[in-house]
Structures are given as C-alpha cells and as structure tokens.
Amino acid sequence: MRLPHDFVPPVPRTRTTVTSADGTRIAVEVHGPDGAPTVVLGHGWTCSAGFWGRVLHRLGDEVRAIVYDQRGHGRSEHVARSACTTDALVEDLEAVLVATVPDGERAVVAGHSMGAMALVALAGERPAVLRDKVCAALLASTGVGRLVDEARVVPHPSPLRAVAKAMTQRGMSDARLLTMLPRWGRRAAVSHITLSPAADRHERAYCTDVVLACPPHTRTGFARMLAGLDLGDHLAALHVPALVLCGTQDRLTPPRHSHRITAALPQSLGLVELPGIGHMTPVQSPDAVADAVRRLVRDHHVTAATVTS
C-alpha cells in the first residue's frame, strides 16, 4: 500500500550515534535548524524514531528536533534481553540529552508510552540531568505501573478477569505468538492492540509494519520490563511543567493511567484527552501532539540567553 507523504519521515539534517553508560550505541537523528528550540522525542515499545514522522512534518523548522531509537529498536544497537531494563532506558536518555542539548539550553522532552516512562524514571534517578537539560515534558499515552492489570487488550467481564489478565501477559511477553499467526492475523492483532476503530487504513498499515519490524527478542525483553514496571514514586521527582495526553480508546494504557499521572505531577499542566483515539497518538493524532509540543516550547522552553539573563 502506498502511504501518504507524511507517513514517510523527513530526511534528518544529520545522523549520529551516542554511547550509553554500558557501551550500547544509540542512533540519533537531528531535524530542523540550529538555533531553534530543542525538542527531544522518545518513542515507545516496538517502535522507532520514524514513528514521530507525522509530528515532525507538522513541526517543520519551528524546532530543532532530536529523535532517537531506543536500544534494540530501529538503527540502535541490539542488546540481550537482560539489557532491556528501566535503568538502561534512563542511561540511554541521559546520553542523548547530554550529547544533543546545547550547554545552557533546556529542552522540551516528549515521550510516547515507553519513551515517557524513560523520562519519569530519569526524573527519579537522575535529578541533576533533569534540572540541567529538561524544561518541560509531554507524557503521551503512558503509564507508570499496573500495565498488565489494567490493559484492555482482551475484554474481561468480571468472571473472566483472571483469564484475560493471563492472556494479556502472555501476549505481551511471548514474541512467538505474533510470528505464529498468519500475516493477516498479525496485522489484525497489532491494529486491535495499538489503534482504535477510528484509525484509517493507512494508519493501520503503518503501525503494523512498525511493530512487526521490531526484533522479537527486543519485544520480549522490554515486555518483561513493562510487566514489572513501578514508577509511581518517581512522578513526584518530575519537577518540570508537564502536560499529559492520551486517547480515550487506548487499550494498552487506558485513560485511568493518565488521570493518575496528572494528579500526581508536582507541576501538572493538565490532561489532553483525544476522543476516539487509540494508543498510537503521534500517528492517529499528529496535529494534537504537535500542538502540545508547540505549547510547551512557547510557554516553557529555556535558552542559554534566558539562563544568563
């Protein structure tokens, strides 16, 4: 299927690699002109830097956008399952921020799903990095715990709650299940999990291709991390203005997660709910996500001149 032009990520101005604390090489792209406000975009589980393509097209040259592939995803170095940890995501994000955010500037950081979890974890574990490199945050389609318990991938009436939970956990953690399905079954499963019924055929085709391109061992390694995730205590350390965004039809991280996060943030800017939208908000609602980034840049971006004045 030929996709509309905005599904094809713009060509980056530069590509580079940064090295994380454990030696893992993280692929980074820079979009937009030097001197524009820096925005760092972190993608979610099973995605890649290109996942932000529709948002990047809308932001254009308004910002200097840094997008990176999480370890094991896209062009970044593949790692063992044992290296798919929250601590590793923190170290990777720290390496990207230190390498790409100019001295004296503080960037807007937008994370989708696992990308937002990395930022929350960084706040709790690396407060100095947050203070020096981040001025504001967008937490899109995410959660900080109880991900398997509260996922709505499999509908579960009360009598079948335990069965549905077991099915969800197995589906998230066992990469072989997707590969065992026929091609049409894989596409139907990914579309059901990541998108809402309102998604069009291009959004469905794009998201299924992105997810299915993720290496199975990466999908499984981070699924195990997500199943045990508990970052609730880290939210209180996110001492920057933070906006939360979610789709009302998100099956992976239902809106209750976003409501709890919004209430717990020390500098909450509120919650943007997108009616009828699923988990992949940067793909299904790129205009809303780009507008949220613009709002944070307009109201909270810190330049070197601001710091010294």
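Just so you know, residue 1 is the first one in the sequence shown, and it goes up from there.
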Any side-chain heavy-atom pair of [X] and [Y] under 4.5 Å:
X      : Y      : value
Ile26  : Thr19  : no
Leu245 : Leu274 : yes
Gln284 : Ser196 : yes
Val293 : Leu138 : yes
His57  : Pro10  : yes
Met117 : Val144 : no
Cys135 : Val108 : yes
Pro241 : Asp299 : no

Quiz item: Angle class for the Phe51/His112 ring planes (parallel below 30°, perpendicular above 60°, tilted otherwise)?
Solution: tilted
Quiz item: Parallel, tilted or perpendicular for Phe7 and His202, by the 30°/60° rule?
Solution: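 Phe7 and His202: tilted rings.
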Quiz item: Within a reach of under 6.0 Å around CZ of Arg294, are more than 12 heavy atoms found that belong to other residues, nucleotides or ligands?
Solution: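 Yes, because the 6.0 Å sphere around CZ of Arg294 holds more than 12 heavy atoms from other groups.
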Quiz item: Quick check: are there more than 12 heavy atoms from other residues, nucleotides or ligands sitting under 6.0 Å from CG of Asp233?
Solution: no
Testing the basics here: between [X] and [Y], what is the closest heavy-atom pair and its distance to 0.1 Å?
X      : Y      : result
Cys47  : Val210 : CA-CG1, 3.6 Å
Thr208 : Ser191 : CG2-N, 3.8 Å
Ala292 : Leu243 : CB-CD2, 3.8 Å
Ala95  : Ser20  : CB-CA, 4.1 Å
Ala140 : Thr281 : CB-OG1, 4.1 Å
Pro37  : Glu62  : CD-O, 3.5 Å

Verify same cluster id: [X], [Y] (apolar side-chain graph, 4.5 Å):
X      : Y      : value
Val90  : Ile261 : yes
Val30  : Val297 : no
Met114 : Leu147 : yes
Val28  : Leu119 : yes
Val109 : Val244 : yes

Answer yes when [X] and [Y] have at least one side-chain N-carboxylate O distance shorter than 4.0 Å, and no when they do not.
X      : Y      : answer
Asp92  : Arg71  : yes
Asp291 : Arg58  : no
Arg106 : Asp132 : no

If we ignore hydrogens and angles and just use 3.5 Å, is the side chain of [X] paired with the main-chain N or O of [Y] as donor and acceptor?
X      : Y      : result
Arg75  : Ala27  : no
Gln70  : Gly42  : no
Thr100 : Val96  : yes
Lys133 : Val101 : yes
His301 : Leu296 : no
Arg64  : Gly35  : no
Arg251 : Leu195 : yes
Ser76  : Gly72  : no

Nearest 0.5 angstrom please: [X] [atom1] to [Y] [atom2], how far?
X      : Y      : atom1 : atom2 : answer
Leu139 : Thr262 : CG    : OG1   : 8.0 Å
Cys84  : Arg224 : SG    : CZ    : 9.5 Å
Leu226 : Thr86  : CG    : OG1   : 8.0 Å
Leu252 : Trp45  : CG    : CH2   : 7.0 Å
Leu231 : Leu229 : CG    : CG    : 4.0 Å
Glu77  : Asp69  : CD    : CG    : 12.5 Å

Does the side chain of [X] come under 3.5 Å of the side chain of [Y] through a donor N or O and an acceptor N or O?
X      : Y      : value
Thr14  : Glu29  : no
Thr85  : Asp87  : no
Ser113 : His279 : yes
Thr46  : Arg219 : no
Thr253 : Ser141 : no
Thr303 : Glu105 : no

Quiz item: Got a sec, which pairs hit ring pair (Phe, Tyr, Trp, His ring centres under 6.0 Å) with one end in residues 233-260, sequence neighbours left out?
Solution: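 Qualifying pairs: none.
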Exercise. Could you walk me through whether Leu130 and Leu238 pass side chain to side chain contact (heavy atoms under 4.5 Å, CB included), step by step?
Key: CA-CA 8 Å; Leu130 183 80; Leu238 192 61; 3.9 Å; yes
Self-check item: Arg146: salt bridge (Lys or Arg N to Asp or Glu O under 4.0 Å) partners, not counting sequence neighbours
Solution: Asp149, Glu150
Quiz item: His78 and His217: aromatic ring centres closer than 6.0 Å?
Solution: yes
Exercise. Please assess Asp6 against Arg54 for the test side chain to side chain contact (heavy atoms under 4.5 Å, CB included), listing each intermediate value before the final yes or no.
Key: CA-CA 5 Å; Asp6 70 339; Arg54 300 193 83 192; 3.1 Å; yes
Quiz prompt | side chain to side chain contact (heavy atoms under 4.5 Å, CB included) between Leu269 and His300, worked out | solution = CA-CA 11 Å; Leu269 298 175; His300 302 287; 3.6 Å; yes
Quiz item: Going through the checks in order, is the side chain to side chain contact (heavy atoms under 4.5 Å, CB included) test met by Val40 and Tyr68?
Solution: CA-CA 8 Å; Val40 178; Tyr68 71 103; 4.3 Å; yes
